[in-house]
Amino acid sequence: MNIFVTFHDRIAAILAEFAKAGRLPADLDMARFVVEPPRDATMGDLACNAAMVFAKEAKAGFGGPRTLATEIAFALAPDKDVAEAEVAGPGFINIRLKHHVLGDVVRAALTGGADFGRARGGADAPKINVEYVSANPTGPMHVGHGRGAVFGDALAGLLEFAGHTVTREYYINDAGAQVDVLARSAFLRYREALGEEIGAIPEGLYPGEYLVAAGRELAAKYGGALFERPESEWLEDVRAFAIDAMMDMIRDDLAALNITHEVFFSERSLTRGPAGDRVAAAIDDLRARGLVYVGRLPPPKGQPPDDWEDREQTLFRSTQFGDDIDRPLLKSDGGYTYFASDIAYHKVKIDAGYDVLIDVWGADHGGYVKRMNAAVKALSGGRVELDVKLCQLVKLMRAGEPVKMSKRAGDFVTLREVVDEVGVDAVRFMMLYRKNDAPLEFDLARVIEQSKDNPVFYVQYAHARGKSVLRQASAAFPGIDLSARALAGADMSRLSDEGERALMRQIAQYPRMVEQAAAAHEPHRVAFWLHDLASLFHAHWNKGKDAPQLRFVNHEERDLTCARLALVVSLTSVLASGLGILGVNAPDEMR
RNA sequence: GACCCCGUAGCUCAGCCGGAUAGAGCAACUGCCUUCUAAGCAGUAGGUCGCAGGUUCGAAUCCUGCCGGGGUCGCCA
């Protein structure tokens with residue numbers, strides 16, 4: 001039940017009637033106007049801007065937007081759900097709903113349970129692929145990876161809730177030089193495990209302690225068989241082994257955050273898989289479209305190009321699709337550039353039939369967005385939409401002070417350490433309590449505080465507090481039926497306090513909020529909405545301190561209590577639903 | 001030099017495919033509570049939405065140009 005959609009439809013029908021009578025053009029685009037919550041609740045429950053949006057079209061048949069607004073309001077007046085419709089400001093139609101409508105919303109939230117606000121998603125719903133994390137398989141995840149991971153995961157959950165078919169995908173960068181470095185680093189630890197004194201880790205290798213175990217396992221698997229052999233003989237095996245070990249570790253880190261992917265896609269498989277060289281195929285595809293040529297690029301500006309070598313390269317005409325410069329596909333040694341691999345990877349996704357691709361990247365890859373967009377446009381002929389979401393840096397704090405990262409290479413704060421210290425709920429919620437493209441300060445001390453300054457606690461506590469009300473109700477009215485079905489029969493007209501009405505209005509906005517957050521690919525909106533809802537609940541609860549008649553459980557008035565319990569159950573249900581989208585627990589109590 | 005992100009209250013940030021008097025939390029100030037409806041409450045004050053133009057009935061929101069902060073800039077990933 002989405003009252004905003006309901007009224008959008010009804011007003012569209014009114015406009016269609018006007019069009020039928022020849023007073024408006026027949027081809028009005030009804031998507032142009034909106035029905036939304038008014039700025040101020042005193043203005044009513046719904047506001048519509050249709051008259052202003054169609055001001056131009058209304059000139060002939062109505063003389064102007066105010067008249068159109070007045071006539072729409074007049075046509076709305078007999079509606080069974082409308083108490084009052086009036087024109088305000090430059091031509092807003094403000095609608096005050098009859099009392100029963102918000103009660104119906106509570107009932108819908110109550111009986112809908114976890115499905116309230118969920119979109120059905122028919123066969124025509126876009127298929128969406130969300131690619132996120134994609135941390136290099138060379139070590140444990142750090143906090144920055146964590147942000148992208150949580151963001152991508154919550155976005156995927158949000159899109160699913162909004163009715164889309166979603167695939168969660170991880171792109172394993174297992175083809176570049178960094179995995180050779182990984183292999184050499186692991187090999188060193190292998191020699192160490194066999195008893196060799198390796199001393200300090202040489203410059204250029206990964207020094208992290210996390211490779212010690214991999215070295216030991218290599219020793220267990222191969223014994224001394226690889227020892228003293230030339231690199232060409234062991235590199236491939238050790239690399240494959242080390243990548244697997246690192247991916248296991250990363251999967252563990254992700255599991256600690258309740259994140260799983262349906263697809264792990266190996267970059268290496270693009271050239272070495274059963275499908276042959278898919279990078280070459282992708283380049284051929286572009287070439288067939290006349291988008292590949294051999295030419296020279298101007299040297300990069302800004303930093304003096306010491307080692308700049310002016311040479312002919314194989315280039316993709318990304319400038320035809322809005323990029324600033326054409327981009328190379330082949331390296332000077334003849335190998336594919338990372339971009340070439342990425343083109344092939346996105347072609348795989350396009351060919352898989354996705355309508356929307358979402359890539360979640362770190363902000364340092366910002367310069368890469370235009371060329372990737374260009375590639376997807378070129379490969380799909382504009383059919384597939386690519387949305388790259390950039391996640392800004394995370395600044396780790398403790399009680400207002402930046403957490404010092406040790407200078408010693410390889411020794412950084414891992415995601416796992418943070419999750420173990422503050423818990424998965426705090427990490428997930430805080431990572432989402434900010435727009436993805438704004439930098440984030442993450443304070444380890446604050447997120448475990450039990451106070452209203454800590455948004456995680458504040459929202460979770462609202463849920464726990466609601467559950468506590470229900471426990472108290474059971475104690476006050478032994479045997480009371482708190483099932484959704486029973487409470488749906490309560491007399492919702494008893495919910496007349498402004499605090500209760502505010503809660504009902506916020507709950508009524510849930511379906512609309514979810515839809516918009518999903519359309520914008522912005523899960524943070526869910527987090528902020530939850531905080532607002534929690535805030536309304538806590539505020540109303542506190543009024544009961546001085547005004548006992550406002551408390552949810554009233555021993556003298558069972559019917560009133562039932563109506564209020566219906567509100568509380570719908571509230572906790574919606575809180576749990578929203579937290580569920582974000583992958584955060586909704587605890588029954590906070591102990 | 002080019003491109004991308006950011007610039008909103010003292011601080012941290014919402015709001016941005018245009019909409020009414022620009023919101024929240026913290027801090028500040030003023031009351032209240034000293035509890036069990038645990039992890040406080042109510043209220044006050046605080047803003048030329050970086051600057052200047054433009055489009056529009058209407059701009060924090062869209063466009064252009066500046067200013068400031070961050071990031072990126074063939075072959076690395």
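Lettering follows sequence order; numbering is per chain, from 1.
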Suppose you measure atom [atom1] in [N] against the same atom in [M]; what distance do you get, rounded to whole Å?
N: B:C16; M: B:G7; atom1: C1'; value: 14 Å
N: B:A59; M: B:C75; atom1: P; value: 45 Å
N: B:C6; M: B:C17; atom1: P; value: 13 Å
N: B:U61; M: B:G18; atom1: P; value: 12 Å
N: B:U55; M: B:U64; atom1: C1'; value: 11 Å

- Query: Which base sits across from B:G43 as a Watson-Crick or G-U pair, both distances under 3.5 Å?
  - Reply: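 Pairing partner: B:C29.
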Let me know the distance between [atom1] of [X] and [atom2] of [N], rounded to the nearest Å.
X: A:Lys435; N: B:G23; atom1: NZ; atom2: C1'; value: 14 Å
X: A:Arg371; N: B:A77; atom1: CZ; atom2: C1'; value: 12 Å
X: A:Phe92; N: B:G18; atom1: CZ; atom2: C1'; value: 10 Å
X: A:Leu182; N: B:A77; atom1: CG; atom2: P; value: 14 Å
X: A:Leu270; N: B:A77; atom1: CG; atom2: C1'; value: 14 Å

- Query: How is A:Arg327 classified with respect to the nucleic acid when contacts are heavy atoms under 4.0 Å: base, sugar-phosphate, or nothing?
  - Reply: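 No contact.
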- Looking at every strand, decide which applies to A:Ser332 at a 4.0 Å heavy-atom threshold: base, sugar-phosphate, or nothing.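 The residue A:Ser332 makes base contact.
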Run the ring-centre check on [X] versus [Y] and record whether the distance is less than 6.0 Å.
X: A:Phe537; Y: A:Phe552; result: yes
X: A:Tyr132; Y: A:Tyr170; result: no
X: A:His8; Y: A:Phe33; result: yes

- First encountered from the 5' end of RNA chain B, between A:Val53 and A:Tyr338: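 The residue mapped nearer the 5' terminus is A:Val53.
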- Nearest-nucleotide wise, let me know which of A:Ala363 and A:Tyr458 is further upstream toward the 5' end of RNA chain B.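 Closer to the 5' end of RNA chain B: A:Tyr458.
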- Any side-chain donor-acceptor pair under 3.5 Å between A:Thr319 and A:Asp326?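 Checked: A:Thr319/A:Asp326 side chains pair up, N/O donor to acceptor below 3.5 Å.
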Considering just the side-chain nitrogens and oxygens of [X], establish if one lies under 4.0 Å of OP1 or OP2 belonging to [N].
X: A:Arg525; N: B:C13; answer: no
X: A:Lys545; N: B:G40; answer: no
X: A:His365; N: B:G71; answer: no

- To the nearest 0.5 Å, what is the distance between CZ (A:Arg327) and CD1 (A:Ile343)?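 The CD1 atom of A:Ile343 is 11.0 Å from CZ of A:Arg327, to the nearest 0.5 Å.
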- Message: Please pick, from B:A38, B:C75, B:A14, the nucleotide with the shortest atom-to-atom distance to any side-chain atom of A:Thr337.
- Response: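 Side chain of A:Thr337 sits closest to B:C75.
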